[in-house]
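Here is how names work: the chains are called A, B, and so on, in the same order as the sequence lines, proteins then strands, and each is numbered from 1.
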There are 2 protein chains.
Amino acid sequence: MSAPKLLLVEDDSALAELLKYRFESEGYDVRVTADGEEAMMLAAEDTPDLVILDWMIEGVSGIEVCRRLRREKETAHVPIIMLTAREAEDDRVRGLETGADDYVTKPFSPRELLARVSAVLRRVRPALAGETIEVGDLKLDPVAHRVERRGRQLQIGPTEYRLIKFFMEHPRRVFSRGQLLDAVWGTGSEIEERTVDVHIRRLRKAITVDNARDPIRTVRSAGYALEPV
Amino acid sequence: MSAPKLLLVEDDSALAELLKYRFESEGYDVRVTADGEEAMMLAAEDTPDLVILDWMIEGVSGIEVCRRLRREKETAHVPIIMLTAREAEDDRVRGLETGADDYVTKPFSPRELLARVSAVLRRVRPALAGETIEVGDLKLDPVAHRVERRGRQLQIGPTEYRLIKFFMEHPRRVFSRGQLLDAVWGTGSEIEERTVDVHIRRLRKAITVDNARDPIRTVRSAGYALEPV
DNA sequence: TCGTAATATTACAAGTATGTGTCAGAAATG
DNA sequence: CATTTCTGACACATACTTGTAATATTACGA
């Protein structure tokens with residue numbers, strides 16, 4: 001999973017350090033600058049997933065940076081959270097109208113900002129906010145109904161999809177054929193247990209990608225399990 | 001352009017009236033309830049575009065309503081703005097973590113709430129705010145009611161327009177025929193699900209341009225999705 | 001090493017889902 | 001009011017999926 005890339009534009013270096021540390025420990029990839037011009041350059045050279053922007057920075061004002069980010073095609077749709085020391089409603093409204101997605105009023109706790117960032121990312125790029133399931137080199141997006149391995153889309157049928165989804169929801173655990181029939185086919189299905197073998201085979205075939213090793217473990221006389229590769 | 005549908009869950013009837021009036025005069029279509037259970041029912045029968053939810057309501061708590069909305073497939077992705085009288089950071093963070101997209105602390109001005117609503121809608125469903133949407137090589141202008149692909153105007157019928165607009169507002173996501181009927185034809189339409197196939201076919205035909213590849217993905221036994229080309 | 005039980009593989013026919021052309025009535029257009 | 005466009009439904013064609021059975025292979029204990 002690629003870490004969400006944040007661009008933090010903040011000229012209070014103590015605060016910037018604190019936030020950088022906190023966000024990085026939460027798995028974000030953070031770049032920091034105190035300067036509006038530099039912010040534009042950084043954003044241009046590697047488009048971030050989200051920008052945290054202090055309203056009051058040296059040089060170009062925060063609101064101006066916001067406007068410029070919106071104007072560039074690359075960054076037009078990158079969500080922006082503004083940090084503002086002001087309580088004035090006018091400023092908040094103006095920020096939103098300029099194209100900020102959200103703002104947080106100082107003082108705030110890192111925890112609150114984290115929650116906001118994650119809420120915004122969840123909206124914009126669900127895949128970044130953990131709505132996908134990942135097990136080893138497999139990634140499953142339930143909303144798009146897609147499974148990929150090592151970045152490669154897998155071609156997978158309905159039953160195999162349900163099967164691997166179930167496995168990915170319970171990695172490492174061994175399931176008997178009976179359990180799999182209940183979970184994937186539905187309780188009380190009248191299907192031969194041997195049939196599970198066939199679908200396991202089909203699943204294995206479907207998830208085979210550049211001869212990577214088979215992540216489905218056969219447990220003799222017990223069932224099957226998915227092992228993170 | 002169809003008016004964005006808001007669901008307001010607020011038990012202070014004076015405030016509810018005020019907001020309803022203000023939002024309606026801005027062109028929104030507003031439904032109001034003071035009750036959590038009823039809110040769920042209203043949301044189920046006609047999915048709103050955005051929910052404004054008071055944290056403290058009678059019966060089920062706001063946060064519980066939020067959680068339940070997120071749990072239902074139909075409403076899982078509807079943005080939620082919470083209204084809270086509390087300043088406590090814990091509550092705000094909890095709100096965001098439960099799945100709210102934003103919150104506004106009372107007291108607030110209708111103007112600020114309007115700005116927030118419009119910011120959230122712009123982020124989530126640009127077409128509702130009158131902005132053009134681009135998905136891959138498709139471009140849709142909701143004001144002009146036009147769709148183009150690779151700069152070429154598409155000749156497209158009313159139903160197909162609504163269909164592709166819906167798809168472009170939710171790219172990549174897979175929708176069942178039932179969901180599409182609800183979203184595009186209107187809730188409770190008595191139309192054959194197979195008819196969706198026919199319109200998908202017509203849409204595919206309409207958006208075919210210099211034999212570019214078909215951006216509509218068929219997900220067998222699940223539905224259809226629009227993939228950016 | 002061998003026999004047995006368990007699992008893997010293959011082929012296939014029946015079942016199910018989707019694609020497509022067409023039509024009659026409805027709705028929009030002028 | 002005449003004409004055109006749109007809509008929903010249906011039927012047939014096609015593509016994909018699925019469960020089973022038959023056969024091959026493998027693992028394990030005696």
Taking the nucleotide of DNA chain C with the closest heavy atom to each, which residue, B/Ala222 or B/Lys205, is nearer the 5' end?
B/Ala222
Parallel under 30°, tilted from 30 to 60°, perpendicular over 60°: which one fits the rings of B/Phe23 and B/Tyr28?
perpendicular
Would you please confirm or rule out a distance under 4.0 Å between OP1 or OP2 of C/dA8 and any side-chain N or O of A/Thr218?
yes
Can you tell me the distance, in whole Å, between the CD1 atom of B/Ile216 and the P atom of C/dG19?
10 Å
Has A/Tyr224 got a side-chain N or O lying under 4.0 Å from the OP1 or OP2 atom of C/dA6?
no
How many Å lie between CZ on A/Arg201 and P on C/dC12, as a whole number?
15 Å
Please enumerate all residues that pass salt bridge (charged side-chain N to carboxylate O under 4.0 Å, His left out) together with B/Arg217, with sequence neighbours excluded.
B/Glu227
Is the closest side-chain donor-acceptor distance between B/Arg213 and B/Thr208 under 3.5 Å?
no
What pairs of nitrogen or oxygen atoms, one from the protein and one from nucleotides 15-20 of chain D, lie under 3.5 Å apart?
residue : atom : partner  : partner atom : Å
D/dT18  : OP1  : A/Thr159 : N            : 3.3
D/dT18  : OP1  : A/Thr159 : OG1          : 2.3
D/dT18  : OP2  : A/Thr159 : OG1          : 3.3
D/dT18  : O5'  : A/Thr159 : OG1          : 3.4
D/dG19  : OP1  : A/Trp185 : NE1          : 3.2
D/dG19  : OP2  : A/Trp185 : NE1          : 3.3
D/dG19  : OP2  : A/His199 : NE2          : 2.7
D/dG19  : N7   : A/Arg202 : NH1          : 3.4
D/dG19  : O6   : A/Arg202 : NH2          : 2.5
D/dT20  : OP2  : A/Glu192 : N            : 3.0
D/dT20  : OP2  : A/Thr195 : OG1          : 2.9

Is the A/Trp185 ring parallel, tilted or perpendicular to the A/His199 ring (thresholds 30°, 60°)?
perpendicular
CD of B/Gln153: more than 12 outside heavy atoms within 6.0 angstrom?
yes
Do A/Phe167 and A/Tyr224 have ring centroids that are under 6.0 Å from one another?
no
Once you round it to whole Å, what is the distance between P of C/dT20 and CZ of B/Arg204?
7 Å
From CG of B/Asp197 across to P of D/dA11 the rounded distance in Å is 15 Å
